[in-house]
Q: 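There's a structure below that I have some questions on.
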Amino acid sequence: MGNNMNIDLNEIDDNCLTIAVTSGKGGVGKSNIVTNLAIQFGLLGKKVMVLDADLGMANLDVLFGVRPKYTLYHCLEGRKDLLEVITSVNQNVKLIAGGSGISDLAELDEKSRTSFLQSLQKIRQYTDILIIDTGAGISSNVISFLSYADEVLLVSTPEPTSMADAYGIIKTLGKTGKDLPKIGILVNRSNTPMEAYEVSTKLTTLAEKFLNLKIAYKGYILEDEFIQKSVRSQRPLLSIYPESKAAICIRKLADSWVNVNKTHQPKSKMGFFQSILSLFSRKK
Ligand SMILES: Nc1ncnc2c1ncn2[C@@H]1O[C@H](COP(=O)(O)OP(=O)(O)OP(=O)(O)O)[C@@H](O)[C@H]1O
Ligand SMILES: [Mg+2]
């Protein structure tokens, strides 16, 4: 497939950093992390686009406290263009809300697939950071979006089950071959910075030893009851409890990310083109 993809290679030239947030096990905090990272990147002056690609349980609209008129569902149904389903969260942060009813992007026909990718391409032109919430697990959708990204933020809690499933994601990603995104571990719900560091060290050591993959440690978010409070009030933690423990951790993560990426070089044009072609080509 791919040769009828109507994308001019010369147009594929942008500085948009794409971060996919994922986890092996569900419920580890991805959507809250995506929401608050986006808010902080926005506060740092970045133009941020958030894509809710959790096709099963899209809920970022609820966490941001916005009511989208249209969602990804309308776009993938062919009723709206991707550009028409963008909801504004604030001046710098925009959301492409997910919708229920979509099962697998890989099942889209060629025409919808091409127009989705072309619109995403247009969006990238005026976006500094694209954050994708992939949902949990290893479906073809998730793996496609992970390969599309420049960086994968893999979230694990200190629970052994969550760590085992995180390792499963690393293993699967490793098998997808060349032009892998950078993979970084974020430990959520840790009780101390030390605990998080130990969790990350276990995962990075295993990945290096058995898969020959270098994984970075991106940081930690402490266990914090204010996350649940913010979810209940449908306002991002950073907006209502900016001085809470978890908010401070997320700010630190976003700030250092922006500093490190001052000289962000996106994937090469050709690599990027390959990755969008493969975005939908993998079936389960
Ligand atoms: N650092 C934390 N401290 C305390 N509770 C947390 C923390 N992070 C997440 N939680 C709790 O976990 C719940 C699930 O978080 P979230 O919805 O972000 O997870 P998820 O990984 O996106 O889940 P899913 O896989 O279902 O999409 C939150 O509603 C909150 O109650
Ligand atoms: Mg989620």
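Atoms within each ligand, like the ligands themselves, are counted from 1 in listed order.
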Q: Is the closest N or O pair between K25 and ligand 1 shorter than 3.5 Å?
A: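 N/O-N/O distance under 3.5 Å: no.
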Q: Return a yes/no value: protein heavy atom under 4.0 Å from atom 13 (C) of ligand 1?
A: no
Q: Among all protein heavy atoms, pick the one closest to atom 11 (C) of ligand 1 and tell me residue, atom and distance.
A: R189 NH1, 3.5 Å
Q: Short N/O distance, under 3.5 Å, between V231 and ligand 1?
A: no
Q: Can you tell me if N59 has an N, O or S atom under 2.8 Å away from the Mg ion (ligand 2)?
A: no
Q: Do any nitrogen or oxygen atoms of I227 lie less than 3.5 angstrom from nitrogen or oxygen atoms of ligand 1?
A: no
Q: Going by atom types alone, do T127 and K47 pair a side-chain donor with an acceptor below 3.5 Å?
A: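 On atom types as modelled, these side chains do not qualify, holding no pair under 3.5 Å.
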Q: Using side-chain heavy atoms (C-beta onward) and a distance below 4.5 Å, is V199 in contact with M163?
A: yes
Q: When you check the gap from the basic side-chain N to the acidic O, do E159 and R189 get nearer than 4.0 Å?
A: no
Q: Could you tell me if the side chain of I19 sits less than 4.5 Å from the side chain of V34, heavy atoms only?
A: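 Side-chain contact under 4.5 Å: no.
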Q: Among all protein non-hydrogen atoms, which one is nearest to atom 27 (O) of ligand 1, and what is the separation to 0.1 Å?
A: D54 OD2, 3.4 Å
Q: Does the distance from a Lys or Arg side-chain N to an Asp or Glu carboxylate O, for E243 and R251, drop under 4.0 Å?
A: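 Counted as a salt bridge, because a side-chain N and a carboxylate O are separated by less than 4.0 Å.
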Q: Look at atom 28 (C) of ligand 1 and say which protein heavy atom is nearest, naming residue and atom and giving the distance to 0.1 Å.
A: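 Heavy-atom neighbour on the protein nearest atom 28 (C) of ligand 1: N32 ND2, 3.8 Å.
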Q: Which atom names give the shortest non-hydrogen contact between T87 and P68, and what distance separates them?
A: OG1-CB, 3.3 Å
Q: Would L222 count as a contact residue for ligand 1, given that I'm defining contact as a non-hydrogen atom of the residue lying under 4.0 Å from a ligand atom?
A: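 In this structure, L222 qualifies as a contact of ligand 1 - some heavy atom is under 4.0 Å.
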Q: What's the shortest distance from atom 31 (O) of ligand 1 to any protein heavy atom, and which residue and atom give it?
A: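 Protein heavy atom with the smallest distance to atom 31 (O) of ligand 1: Q228 CG, 3.6 Å.
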Q: Pairing donors with acceptors under 3.5 angstrom, does anything connect the side chains of S156 and S162?
A: yes
Q: Side-chain contact test, heavy atoms from C-beta onward, threshold under 4.5 Å: evaluate it for L37 versus L153 and give yes or no.
A: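 Sidechains of L153 and L37: in contact.
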Q: Where does S31 meet ligand 1, judged by heavy-atom distances below 4.0 Å: at the side chain, the backbone, both, or neither?
A: both
Q: Does the side chain of T134 come within less than 4.5 Å of N141's, by heavy atoms?
A: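 Result no, sub-4.5 Å side-chain heavy-atom pair not found.
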Q: Show me which atoms of ligand 1 lie under 4.0 Å from any heavy atom of G26.
A: 25 (O)
Q: N/O of N59 under 3.5 Å from N/O of ligand 1, yes or no?
A: no
Q: Under a 4.5 Å cut-off applied to non-hydrogen side-chain atoms, are Y220 and L222 in contact?
A: yes
Q: Return yes or no for this condition: an N or O of K30 is under 3.5 Å from an N or O of ligand 1.
A: yes
Q: Polar-atom distance check: G27 versus ligand 1, any N or O pair below 3.5 Å?
A: yes
Q: Which residue and non-hydrogen atom of the protein lie closest to atom 19 (O) of ligand 1, and at what distance in Å?
A: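 Answer, as residue, atom name and distance: G29 N, 2.9 Å.
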Q: Is there a polar contact between ligand 1 and D133, counting only N or O atoms under 3.5 Å apart?
A: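 No - when backbone and side-chain N and O of D133 are compared with those of ligand 1, no distance drops under 3.5 Å.
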Q: Report yes if V28 has an N/O atom closer than 3.5 Å to an N/O atom of ligand 1; otherwise report no.
A: yes
Q: Examine E225 against ligand 1 and note whether any of their N/O atoms are separated by less than 3.5 Å.
A: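 No, since none of the N or O atoms of E225 sits under 3.5 Å from an N or O of ligand 1.
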Q: Looking at atom 8 (N) of ligand 1, what's its closest protein heavy atom, distance included?
A: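 Ranking protein heavy atoms by distance from atom 8 (N) of ligand 1, first comes N188 ND2, 2.9 Å.
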Q: For D224, is at least one N or O under 3.5 Å away from an N or O on ligand 1?
A: yes
Q: Does NZ or CZ of K46 fall inside the cone over F41's six-membered ring, less than 6.0 Å from its centre and within 45° of the axis?
A: no
Q: Are side-chain N/O atoms of S31 and D133 paired as donor and acceptor at under 3.5 Å?
A: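 Yes, a side-chain donor-acceptor pair sits under 3.5 Å.
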Q: Could you go step by step and tell me if L17 and D128 meet the side-chain contact (heavy atoms from CB on, under 4.5 Å) rule?
A: CA-CA 6 Å; L17 170 70; D128 296 318; over 6 Å; no
